[in-house]
Amino acid sequence: MAKLVSKVYGDALFSIAIEENKLDTIWEEIRTIREVVQDNPDFLAVICHPEMEQEKKLSVLDDIFKGKMSDDTMGFLNVLIRKGRFGEILSILDYFDEQAKAYKKIGVVKVSTPMALDDAQREQVETKLLEVTEYESLEVEYEIDESLLGGIVIRIGDRVLDNSIRSKMELMSRQLYKVKLS
């Protein structure tokens, strides 16, 4: 259910952003809202409290965001309050963020290696990824995983390229178990 709510409201906001040609502006505002909600855990609890009247919730949102957000974003926040969906705000914002990145062709990549890569190696990895994918830019998170022993593991969305020594050894081990000695 939460996934459906995220999609419905996230798609609505994304459609407005594209139609109004305000994707960058609304995307930046979305980041600000996420920051406020994540940095102030009590904020979400207060806004979503069932005993707080809807008009008071709208007033709190106006006090915090009015003048800092576009009318489109303020209208979106008001709809979430009126429909009782403000508790889903983070998942909705995450969905919007994913849609915006897909639209702008920004790839989210996680690169795991057994040791830290220097700047030249990172640039080489990123250049190669841009060559072999449809992305125009990348957000890359580098992680050190000593259990890989050597090589590299790259995750882009739900795709995984595992060229690590660990995975090659596991494959070799499975193949050896299949060998029948007479």
Side-chain angles (χ1 to χ4, degrees), residues 1-112 122 125-126 129-143 153-162:
M1 180 69 169
K3 210 168 194 158
L4 178 62
V5 169
S6 302
K7 181 175 176 11
V8 169
Y9 288 92
D11 279 341
L13 182 60
F14 185 74
S15 294
I16 290 169
I18 296 300
E19 288 171 15
E20 302 281 329
N21 199 23
K22 296 180 180 177
L23 179 59
D24 292 331
T25 302
I26 291 177
W27 201 6
E28 187 59 39
E29 292 172 348
I30 292 305
R31 289 184 191 115
T32 301
I33 294 167
R34 177 186 284 118
E35 209 172 282
V36 167
V37 172
Q38 288 176 333
D39 292 349
N40 304 289
D42 293 338
F43 171 74
L44 199 55
V46 168
I47 288 289
C48 295
H49 198 281
E51 292 181 17
M52 183 182 242
E53 294 178 13
Q54 192 175 74
E55 293 308 314
K56 180 66 177 162
K57 292 176 183 184
L58 293 170
S59 174
V60 169
L61 284 181
D62 276 352
D63 291 345
I64 295 171
F65 296 117
K66 189 125 183 151
K68 299 174 186 128
M69 301 288 157
S70 66
D71 290 342
D72 293 322
T73 303
M74 287 303 296
F76 172 72
L77 295 176
N78 287 334
V79 167
L80 292 181
I81 292 292
R82 293 189 190 286
K83 297 291 185 179
R85 296 296 188 188
F86 202 85
E88 311 289 332
I89 187 79
L90 290 176
S91 61
I92 295 167
L93 299 182
D94 288 343
Y95 181 84
F96 178 91
D97 191 55
E98 290 171 10
Q99 295 303 108
K101 285 177 183 175
Y103 182 81
K104 293 253 189 191
K105 295 187 177 188
I106 300 171
V108 179
V109 182
K110 185 174 182 179
V111 176
S112 301
R122 287 177 181 218
V125 167
E126 292 172 27
L129 286 172
L130 286 171
E131 287 174 9
V132 299
T133 64
E134 72 278 1
Y135 299 117
E136 294 175 4
S137 64
L138 300 171
E139 287 182 6
V140 184
E141 175 189 339
Y142 290 94
E143 171 188 78
V153 177
I154 300 172
R155 288 176 182 80
I156 304 176
D158 59 354
R159 296 176 293 180
V160 177
L161 170 65
D162 189 343

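Because the structure is predicted, anything quoted here is derived from the model rather than measured.
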Undergrad: Inspect the surroundings of CG in Asp63 and state if more than 12 heavy atoms from other residues, nucleotides or ligands are less than 6.0 Å away.
TA: yes
Undergrad: Heavy-atom count check: over 12 atoms from other residues, nucleotides or ligands less than 6.0 Å from Asp71 CG?
TA: no
Undergrad: Nearest 0.5 Å please: distance from the CG atom of Asp11 over to the CD1 atom of Ile16.
TA: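 Separation between the atoms: 11.0 Å.
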Undergrad: For the CD atom of Gln99 and the CD1 atom of Ile18, what is their distance to the nearest 0.5 Å?
TA: 9.5 Å
Undergrad: Measure the shortest side-chain to side-chain distance between Phe96 and Ile26 over non-hydrogen atoms and say whether it is less than 4.5 angstrom.
TA: yes
Undergrad: I'd like to know if Arg34 pairs up with Glu29 as an ion pair, taking the criterion as any Lys NZ or Arg NE/NH1/NH2 lying under 4.0 Å from an Asp or Glu carboxylate oxygen.
TA: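 Answer for the salt bridge query: no.
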Undergrad: So, taking the atom named CD in Glu19 and the one named CG in Asp72, what distance separates them when rounded to the nearest 0.5 Å?
TA: 10.0 Å
Undergrad: Would you find more than 12 non-hydrogen atoms of other residues, nucleotides or ligands less than 6.0 Å from Tyr142 atom OH?
TA: yes
Undergrad: Short question: side chain of Lys57, backbone of Ile47 - any donor-acceptor pair under 3.5 Å?
TA: yes
Undergrad: Grab the two heavy atoms, one from Arg82 and one from Glu55, that are nearest each other, plus how far apart they are.
TA: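 Closest approach of Arg82 to Glu55, heavy atoms only: NH1-OE2, 3.7 Å.
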Undergrad: Between Glu143 (side chain only) and Ser112 (backbone N and O only), is there a donor and an acceptor less than 3.5 Å apart?
TA: no
Undergrad: Identify the two heavy atoms, one from Met52 and one from Val46, that lie closest to each other, and give their separation to 0.1 Å.
TA: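 Looks like SD-O, 3.4 Å.
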Undergrad: For Leu130 and Tyr135, work out which heavy atoms get closest and say how close.
TA: CD2-O, 3.5 Å
Undergrad: Answer yes or no: is there a side-chain heavy-atom contact under 4.5 Å between Ile156 and Leu161?
TA: no
Undergrad: Taking the side chain as every heavy atom from C-beta outward, state whether Leu13 and Tyr9 have any atom pair closer than 4.5 Å.
TA: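 Answer no - side chains too far apart.
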Undergrad: Counting only heavy atoms not in Glu131 (residues, nucleotides, ligands), do more than 12 fall under 6.0 Å from its CD?
TA: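 Counting neighbours around CD of Glu131, more than 12 heavy atoms of other residues, nucleotides or ligands fall under 6.0 Å, so yes.
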Undergrad: Step by step, work out the side-chain contact (heavy atoms from CB on, under 4.5 Å) result for Asp62 and Met74.
TA: CA-CA 8 Å; Asp62 276 352; Met74 287 303 296; 3.2 Å; yes
Undergrad: With a 4.5 Å heavy-atom cut-off, do Val153 and Lys110 have their side chains touching?
TA: no
Undergrad: Starting at CE of Met69, measure out to CD1 of Ile64 and round the result to the nearest 0.5 Å.
TA: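 Output value for this atom pair is 10.0 Å.
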Undergrad: Are the side chains of Phe86 and Leu61 in touch, meaning some heavy atoms are under 4.5 Å apart?
TA: yes
Undergrad: Any Lys/Arg nitrogen of Glu98 or Lys101 sitting under 4.0 Å from an Asp/Glu carboxylate oxygen of the other?
TA: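 Here Glu98 does not pair with Lys101 in a salt bridge, since their nearest N and O are not under 4.0 Å apart.
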Undergrad: Supply the atom-to-atom distance Ile30 CD1 to Ile33 CD1, rounded to the nearest 0.5 angstrom.
TA: 4.5 Å
Undergrad: Taking all heavy atoms of Ala100 and all of Leu23, pick out the closest pair and write down the distance.
TA: CB-CD1, 4.0 Å
Undergrad: Once you round to the nearest 0.5 Å, how far does OG of Ser91 lie from CZ of Arg85?
TA: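 Here the interatomic distance stands at 10.0 Å.
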